[in-house]
Amino acid sequence: MTLIKRVGKALAVIVVVLAVSGFAGHQYVNHVEKQRPVVTLAKHKHPEKVLFFYRDDCPDCQSIFHQIYWDNAISHNIVLINMNQSQNRHYIQQYQLTSVPTLIYGKQRYTGTNQQRIKQIVGD
């Protein structure tokens with residue numbers, strides 16, 4: 001077998017592995033997005049955390065969820081709060097939420113999908 005054929009086969013294997021792992025990662029993040037855990041925010045424990053309020057059936061939330069998830073995978077500074085969990089809905093009044101997706105970090109608040117604005121809040 002020539003060197004070119006071996007290199008070609010190796011590259012093909014690498015491409016397939018990357019494609020499969022990318023698909024698996026995408027599916028996993030979609031799975032996380034659909035989870036509806038009850039989130040309890042301890043009173044003085046989250047000032048350094050970004051609060052991300054979303055709904056798993058919200059198209060705008062879905063459009064930015066992967067970005068938020070991967071930012072959190074690196075920084076571990078984001079709390080994902082699915083508002084489709086009825087026991088999380090008390091945060092609507094507590095944080096005066098009017099729509100999702102909403103990010104809150106200290107005194108900063110942003111509702112929307114603008115990537116640059118999200119990066120400013122998340123600290124990317």
Side-chain angles (χ1 to χ4, degrees):
M1 186 180 301
T2 67
L3 178 62
I4 294 175
K5 285 184 179 180
R6 279 189 272 164
V7 170
K9 285 185 179 182
L11 287 175
V13 168
I14 290 170
V15 167
V16 169
V17 168
L18 289 175
V20 169
S21 59
F23 177 75
H26 181 81
Q27 291 301 103
Y28 176 75
V29 174
N30 285 344
H31 168 74
V32 169
E33 179 183 12
K34 301 294 183 209
Q35 292 178 338
R36 297 180 179 181
V38 175
V39 176
T40 304
L41 299 174
K43 281 188 180 178
H44 300 286
K45 292 238 179 193
H46 66 273
E48 70 282 351
K49 299 274 188 179
V50 174
L51 305 179
F52 176 53
F53 297 95
Y54 74 99
R55 287 181 19 176
D56 58 71
D57 59 355
C58 160
D60 284 342
C61 301
Q62 291 169 350
S63 74
I64 64 169
F65 189 87
H66 282 254
Q67 174 192 354
I68 300 291
Y69 177 85
W70 290 113
D71 283 342
N72 188 48
I74 294 167
S75 65
H76 304 288
N77 71 334
I78 302 170
V79 180
L80 306 173
I81 306 165
N82 190 340
M83 299 308 289
N84 279 337
Q85 166 53 260
S86 61
Q87 293 182 44
N88 291 338
R89 291 201 180 130
H90 66 276
Y91 294 124
I92 294 170
Q93 185 175 8
Q94 182 177 347
Y95 289 95
Q96 300 170 356
L97 301 172
T98 56
S99 64
V100 290
T102 296
L103 292 113
I104 298 175
Y105 179 64
K107 301 256 184 232
Q108 296 181 72
R109 171 187 294 259
Y110 175 68
T111 299
T113 60
N114 181 285
Q115 301 288 334
Q116 291 303 104
R117 190 70 180 102
I118 291 168
K119 286 180 182 183
Q120 288 173 346
I121 291 179
V122 173
D124 198 26

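Note that the structure is a prediction, hence the values are computed from the model and not measured.
Across all their heavy atoms, C58 and P101 have their closest contact at SG-CD, 4.3 Å.
With hydrogens and angles ignored, the 3.5 Å screen pairs no side-chain donor or acceptor of N88 with any backbone N or O of I81. At distances below 3.5 Å, at least one donor-acceptor pair connects side-chain atoms of Y91 with backbone N or O atoms of L41. H66 places no side-chain N or O within 3.5 Å of a backbone atom of S63 that could act as its donor or acceptor partner. Panel note: side chain Q62, backbone D56; a donor-acceptor pair is recorded below 3.5 Å. A donor-acceptor pair is defined here as one N or O able to donate and one able to accept, closer than 3.5 Å; no such pair exists between the side chain of R117 and the backbone of G112. Looking at R55, its side chain never comes within 3.5 Å of a backbone N or O of S99 through a donor-acceptor pair.
Side-chain atoms of R109 and L103, non-hydrogen and from C-beta on, never get closer than 4.5 Å to each other. Put simply, the side chain of D57 reaches to within 4.5 Å of the side chain of N84, judged on heavy atoms. At a threshold of 4.5 Å between non-hydrogen side-chain atoms, the residues T98 and I92 do not count as touching.
Distance CE/M83 to CZ/R89: 7.5 Å, rounded to 0.5 Å. Here the straight-line distance linking atom CG of N114 with atom NZ of K119 works out to 10.0 Å at 0.5 Å rounding. In this structure, the separation between CG on L80 and CD1 on I78 is 7.0 Å, given to the nearest 0.5 Å. Here Y105 contributes atom OH and K49 contributes atom NZ; the two are 10.5 Å apart, rounded to the nearest 0.5 Å. If you take CD1 on I104 and CD on Q108, they are separated by 11.0 Å, rounding to the nearest 0.5 Å. Taken to the nearest 0.5 Å, the CD atom of Q94 stands 9.0 Å off from the CG atom of L51.
Hydrophobic clustering (ILVMFWY, side-chain heavy atoms < 4.5 Å, transitive): V79 and V38 are in distinct clusters.
Enclosure of atom CG in L11 by more than 12 non-hydrogen atoms of other residues, nucleotides or ligands within 6.0 angstrom is indicated.
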(request) Dump the intermediate steps for side chain to side chain contact (heavy atoms under 4.5 Å, CB included) on T102 and Y110, then the final yes or no. (result) CA-CA 6 Å; T102 296; Y110 175 68; over 6 Å; no

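Ring-plane geometry between F52 and Y54 is classed as parallel, the angle between the planes falling under 30 degrees on a 0 to 90 degree scale with a further cut at 60.
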